[in-house]
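Okay, so here's the structure we're looking at.
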Amino acid sequence: MSELSSTFALPDSAAAIALAGTDGASLRRLEALTGAQIVLRGLDLQIRGRSSQVERLQALVHLLEPLWQRGEPIGPVDIQAALTALDTGRSDQHRSMGLQVLATSVTGRPLRPRTLRQNSYVEAIERHDLTLAIGPAGTGKTFLATILAVRMLQERKVERLVLTRPAVEAGERLGFLPGDLQQKVDPYLRPLYDALHGLLGQERTSQLLEKGVIEVAPLAFMRGRTLADAFVILDEAQNTTCAQMRMVLTRLGENSRMVVTGDTTQIDLPPGQLSGLVEAEQVLAGIEGVAICRFSDADVVRHPLVQRLVQAYARRDARPGQPPARKRTDAPPARSEP
């Protein structure tokens, strides 16, 4: 079969560097996925291969255009997400997602959904008063929720942010921690502080914490309160008991929004105790105003190795005779957001 060659002109050097990736890694990844050959000469992206290979590569480059045109480096997650969209006939949705920037980090990096499920999750939070996000670590559940919470605070749609999580140790015993009450619970809440620092910077975060505009607290502090005019994020919800989950869900007050995130494969509750997140996923299915979003290993946006680790553990859990991860009962599955 005869080969076809094509040349794609890039607008500037920033776009060329962004598309190529570190040491040309992104171009090599595109070659491996399509079978086409790529040579970048200055601002000319030269493509050679069979007709189907060249067309596939051109389609991927076009899907990634909103990113490299901004000079935003193309990573493995971006390429895989574009390929999935292309293969599932959702190219238009993926391209519009690439144009969406939710916020800018303190370092100037644009923050956006990177997979179609992440995009659906963002839309669910914007449309619903309560959103449950369930899936593996590294899928952006907490970070995307924090981005939207900070944006709503800056737009004065809410008056405060409340970020909470259960103080459950991940298989360790931390003992009697030194310091006052806040210092004792801070280690459990560090991931939430990290997300705020990435969005607002450490100084601005500290100011808002001192004023009470942002509250980061363990779940036990929520009992007896009504959270009105607030954006509430319950993180690591797989480690809530059923009573705790019911308690925090019923704290929701007027003009408030809540996002509950968790990974039901990483439950640290005592054996035999049902996770409040598992129960909530079943009980709240189909309730008006509630969205349930599920992520998979394909949505992992951390180091590429994390996706392979998640897949490896999922295969292990699926083996016959493998003890269950206590992640669900025999109840029918809840309805997901698309």
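- The two residues Thr131 and Ala124 make their nearest non-hydrogen contact at OG1-O, 3.6 Å.
- Checking side-chain atoms of Gln238 against main-chain N and O of Gln266 turns up a donor-acceptor pair under 3.5 Å.
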Run the side chain to side chain contact (heavy atoms under 4.5 Å, CB included) test on Phe8 and Gln46 for me, step by step, so that the C-alpha distance in whole Å, both residues' side-chain angles and the decisive distance to 0.1 Å come before the verdict.
CA-CA 6 Å; Phe8 195 97; Gln46 300 174 359; over 6 Å; no
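- Two residues are said to be in side-chain contact when any heavy atoms from C-beta on lie closer than 4.5 Å; Arg165 and Pro218 fail this criterion.
- Side-chain contact between Leu10 and Leu40 is present, with heavy atoms from C-beta onward closer than 4.5 Å.
- Ile134 places none of its side-chain heavy atoms less than 4.5 Å from the side chain of Phe295.
- Met152 is connected to Leu192 through a chain of hydrophobic side-chain contacts under 4.5 Å among Ile, Leu, Val, Met, Phe, Trp and Tyr, so both are in one cluster.
- Here the CE atom belonging to Met97 is positioned 6.0 Å from the CG atom belonging to Asn119, to the nearest 0.5 angstrom.
- Considering only heavy atoms from C-beta on, Asp299 stays 4.5 Å or farther from Tyr121 through its side chain.
- Here salt bridge (Lys or Arg N to Asp or Glu O under 4.0 Å) pairs that include residues 24-47, with residues two or more places apart or in two chains, number zero.
- Inspection of the Arg56 and Gln53 side chains reveals no N or O donor paired with an N or O acceptor under 3.5 Å.
- Two residues are said to be in side-chain contact when any heavy atoms from C-beta on lie closer than 4.5 Å; Leu200 and Gln154 meet this criterion.
- Between Asn239 atom CG and Leu219 atom CG the span is 10.5 Å, to the nearest 0.5 Å.
- Val213 and Leu196 fall within the same hydrophobic cluster, where Ile, Leu, Val, Met, Phe, Trp and Tyr residues are linked whenever their side-chain heavy atoms come under 4.5 Å apart, directly or through other members.
- One finds the CG atom of Leu227 at 13.5 Å from the CD atom of Glu254 (value rounded to the nearest 0.5 Å).
- Salt bridge Arg114/Asp78: present, at least one basic N to carboxylate O contact under 4.0 Å.
- Proximity of Leu102 to Leu144: side-chain heavy atoms (C-beta onward) are separated by under 4.5 Å at one or more points.
- Between the side chain of Arg257 and the backbone N or O of Glu126 there is at least one donor-acceptor pair closer than 3.5 Å.
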Chi angles and distances behind the side chain to side chain contact (heavy atoms under 4.5 Å, CB included) call for Val158, Arg160:
CA-CA 6 Å; Val158 295; Arg160 57 185 172 144; over 6 Å; no
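- When all heavy atoms of Leu64 and Ala82 are compared, the closest pair comes out as CD2-CB, 4.0 Å.
- Under the 4.5 Å side-chain criterion, counting only non-hydrogen atoms from C-beta, Thr146 is in contact with Leu199.
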Check step by step if side chain to side chain donor-acceptor pair (under 3.5 Å) holds for Ser6 and Gln58.
CA-CA 9 Å; Ser6 174; Gln58 287 175 329; 2.7 Å; yes
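- Among all heavy-atom pairs drawn from Gly42 and Ala16, the shortest one is O-CB, 4.2 Å.
- Panel note: side chain Lys157, backbone Asp229; no donor-acceptor pair is recorded below 3.5 Å.
- Leu111 and Ile125 fall within the same hydrophobic cluster, defined by Ile, Leu, Val, Met, Phe, Trp and Tyr side-chain heavy atoms under 4.5 Å apart, directly or through other members.
- Taking both residues in full, the closest heavy atoms of Pro11 and Leu43 are given as O-CD1, 4.1 Å, listed atom of the first, atom of the second, then distance.
- A 4.5 Å side-chain heavy-atom check between Val260 and Leu249 finds at least one atom pair inside the cut-off.
- In this structure, Ser52 OG and Leu57 CG are separated by 11.5 Å, a value rounded to the nearest 0.5 Å.
- In terms of heavy atoms, Gln93 sits closest to Ser96 at O-OG, 2.8 Å.
- Salt-bridge check for Glu72 with Arg109: failed, with every basic side-chain N at 4.0 Å or more from each acidic carboxylate O.
- Environment of CZ in Arg48: sparse, with no more than 12 heavy atoms of neighbouring residues, nucleotides or ligands closer than 6.0 Å.
- Of all heavy-atom pairs between Arg70 and Leu99, the closest is NH1-CA, 4.2 Å.
- Counted within 6.0 Å of CG on Asp87, heavy atoms from surrounding residues, nucleotides or ligands total more than 12; the atom is thus considered enclosed.
- Ile17 and Ile38 sit in two unconnected hydrophobic clusters of ILVMFWY residues. Membership requires side-chain heavy atoms under 4.5 Å apart, directly or through other members.
- Although no hydrogens or angles enter the test, the distance criterion places no donor-acceptor pair under 3.5 Å between the side chain of Thr164 and the main chain of Leu234.
- The CG atom of Leu269 lies 6.0 Å from the OG atom of Ser275; values are rounded to the nearest 0.5 Å.
- Thr139 places no side-chain N or O within 3.5 Å of a backbone atom of Gly135 that could act as its donor or acceptor partner.
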Might you work through the side chain to side chain contact (heavy atoms under 4.5 Å, CB included) test for Ile79 and Ser26, ending with a clear yes or no?
CA-CA 8 Å; Ile79 294 173; Ser26 295; 4.0 Å; yes
Would Leu277 and Met245 satisfy side chain to side chain contact (heavy atoms under 4.5 Å, CB included), going step by step from the backbone distance to the final call?
CA-CA 7 Å; Leu277 179 60; Met245 178 62 77; 4.2 Å; yes
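- The CD atom of Gln118 lies 10.5 Å from the CZ atom of Phe143; values are rounded to the nearest 0.5 Å.
- Within a 6.0 Å radius of CD in Glu203, other residues, nucleotides and ligands contribute 12 heavy atoms or fewer.
- Thr241 and Gln273 form no side-chain donor-acceptor contact under 3.5 Å, judged by distance and modelled atom types alone.
- Under a hydrophobic-cluster definition in which Ile, Leu, Val, Met, Phe, Trp and Tyr are linked whenever side-chain heavy atoms come within less than 4.5 Å, directly or via other members, Val39 and Trp68 are assigned to different clusters.
- A salt bridge does not link Arg246 to Glu279: none of the charged nitrogens lies less than 4.0 Å from a carboxylate oxygen.
- Using a distance-only test at 3.5 Å, with no hydrogens or angles considered, a donor-acceptor pair links the side chain of Asp12 to the main chain of Ala14.
- At a cut-off of 3.5 Å, with distance as the only test, no side-chain donor of Thr226 or Arg251 sits close to an acceptor on the other residue.
- More than 12 non-hydrogen atoms from other residues, nucleotides or ligands lie less than 6.0 angstrom from CD of Gln100.
- No side-chain donor-acceptor contact under 3.5 Å links Arg95 to the backbone of Glu65.
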